[in-house]
Structure formats: C-alpha cells, structure tokens
Amino acid sequence: QVQLVESGGGLVQPGGSLRLSCGASGSIFRIYDMGWYRQAPGQQREMVAAVSRGGKTKNAESVKGRFTISRDNDKSTVLLEMNSLKPEDTAVYYCNADAEILQGGAIIRRDYWGPGTQVTVSS
C-alpha cells in the first residue's frame, strides 16, 4: 500500500556527484524516518543516511562530509546528494520509509523499501 521508487543512479567517475531521489505514494497516513541504504556486491546492506520527519539527520561515518540527505514532507520525497564519490560507494542504493498506513480502519506502521537504483563509481 506504500510504494517507493528511487531514481538518479548511474555511472560516474571518482570524485563526481550524483543526486538520488525517492518518492513515496499510496495510502500513507504519516511517514516518520526516511533513509538510504546500500548494498555492494558480496556485502551486507548498510545504512547510509536517514532523516526524521522533523529534519534530524544521521549519516554513516564513511559518507560524512560527502553525502547530504534531505526530505520534503509535503511531497513525501527524500533526496541524497552524493559528492566526492569513491569506487567503494558503488552499490545498489535503496530507499526506506518508516510509515503509517490506513488499513481496515486501523493505523499500521512498518518499514517499506524501494526496488533500488544502481550507483557505479568507476574510471
């Protein structure tokens, strides 16, 4: 009942930049935290950055100073501005939303995930 779709991935050179976006749609009552996770080949999925409804952010140590997360509550979107990209940033990036939906007259809260978008940093 909540759909997330990511966009903005692609191939960039080391030191380059990309901007990822994610939009949420569906029977959404309220979205709390939204975030970006990534999974590189042979690696486990890890949190990259997250932002609360009020704008409080947290970032993985590996991306601090390089990535910036932001959101637009009215549009139910979350952005990830990625700068100074490194080869080790190569991964599939997934959008995540902690959301409440209306179902059967009740409010249900759970995590939702997008299908992912590929980011490849290579020369």
Side-chain angles (χ1 to χ4, degrees):
Q1 296 186 20
V2 175
Q3 295 81 44
L4 302 176
V5 58
E6 305 97 339
S7 63
L11 173 64
V12 297
Q13 299 181 88
S17 300
L18 280 176
R19 179 179 294 170
L20 305 183
S21 65
C22 172
S25 62
S27 303
I28 303 170
F29 180 74
R30 181 177 290 110
I31 300 177
Y32 292 93
D33 288 3
M34 298 189 77
W36 289 94
Y37 290 70
R38 68 186 182 188
Q39 186 167 23
Q43 304 294 314
Q44 296 188 36
R45 188 173 299 186
E46 64 175 346
M47 190 273 290
V48 177
V51 57
S52 72
R53 184 175 180 83
K56 183 179 180 180
T57 63
K58 60 181 179 181
N59 300 274
E61 185 67 29
S62 61
V63 307
K64 286 183 177 179
R66 300 189 299 120
F67 292 8
T68 301
I69 189 170
S70 61
R71 67 186 289 175
D72 185 331
N73 292 335
D74 292 336
K75 296 182 179 180
S76 298
T77 60
V78 60
L79 306 177
L80 185 67
E81 182 73 33
M82 304 186 293
N83 300 307
S84 301
L85 284 162
K86 305 174 181 179
E88 50 263 46
D89 294 319
T90 296
V92 176
Y93 284 69
Y94 298 91
C95 177
N96 170 264
D98 173 12
E100 291 181 329
I101 64 171
L102 294 176
Q103 183 173 313
I107 298 175
I108 301 175
R109 181 172 177 177
R110 58 156 290 179
D111 279 345
Y112 293 88
W113 295 89
T117 185
Q118 178 71 47
V119 172
T120 302
V121 185
S122 176
S123 59

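Atoms OG1 and CE, on T77 and M34 in that order, are 7.0 Å from each other to the nearest 0.5 Å. Atoms OG1 and CZ, on T57 and R71 in that order, are 11.5 Å from each other to the nearest 0.5 Å. Put simply, CZ on R53 and CZ on R30 are 5.5 Å apart, with the number rounded to the nearest 0.5 Å. Rounded to the nearest 0.5 Å, atoms OH (Y93) and CG (L80) are 7.5 Å apart. Atom OG1 of T68 is separated from atom CG of N59 by 7.5 Å, given to the nearest 0.5 angstrom. Remark: S62 OG to D89 CG distance equals 7.0 Å, nearest 0.5 Å.
Under the side chain to side chain donor-acceptor pair (under 3.5 Å) criterion, the residue pairs touching residues 3-14 are S7-S21, with sequence neighbours excluded.
The backbone N or O of F67 lies less than 3.5 Å from no partner atom in the side chain of N83, so there is not a single donor-acceptor pair. A donor-acceptor pair is defined here as one N or O able to donate and one able to accept, closer than 3.5 Å; no such pair exists between the side chain of R66 and the backbone of M82. Looking only at distances, no side-chain donor or acceptor of D98 sits under 3.5 Å from a matching main-chain atom of R109.
L11 and L18 are members of different hydrophobic clusters when ILVMFWY side chains are connected at heavy-atom separations under 4.5 Å. In the hydrophobic cluster analysis, where Ile, Leu, Val, Met, Phe, Trp and Tyr join through side-chain heavy atoms closer than 4.5 angstrom, Y94 is grouped apart from V51. Note on Y37: it does not cluster hydrophobically with V2, by side-chain heavy-atom contacts below 4.5 Å among ILVMFWY residues.
Using a 4.5 Å heavy-atom threshold, the side chains of Q1 and I28 count as separate. The closest side-chain heavy-atom distance from V121 to K86 is not below 4.5 Å. Within the 4.5 Å cutoff, no side-chain heavy atoms of S76 are placed close to those of S25. Residues L79 and E81 are not in side-chain contact: their nearest non-hydrogen atoms beyond the backbone lie 4.5 Å or more apart. Residues I69 and V78 form a side-chain contact, since some pair of their non-hydrogen atoms from C-beta on lies under 4.5 Å apart. Contact of the F29 side chain with the I101 side chain is not registered, since no non-hydrogen atoms from C-beta on lie closer than 4.5 Å. When side chains are defined from C-beta on, R38 counts as touching V63, because their heavy atoms get closer than 4.5 Å.
Checked by atom type, the side-chain pair E100/Y32 shows a donor-acceptor distance below 3.5 Å.
Contact between V5 and P115 at its shortest, heavy atoms only, is CA-CD, 4.4 Å.
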For I107 and L102, run side chain to side chain contact (heavy atoms under 4.5 Å, CB included): C-alpha distance rounded to whole Å, both residues' side-chain angles, the deciding distance at 0.1 Å, then the answer.
CA-CA 5 Å; I107 298 175; L102 294 176; 3.7 Å; yes
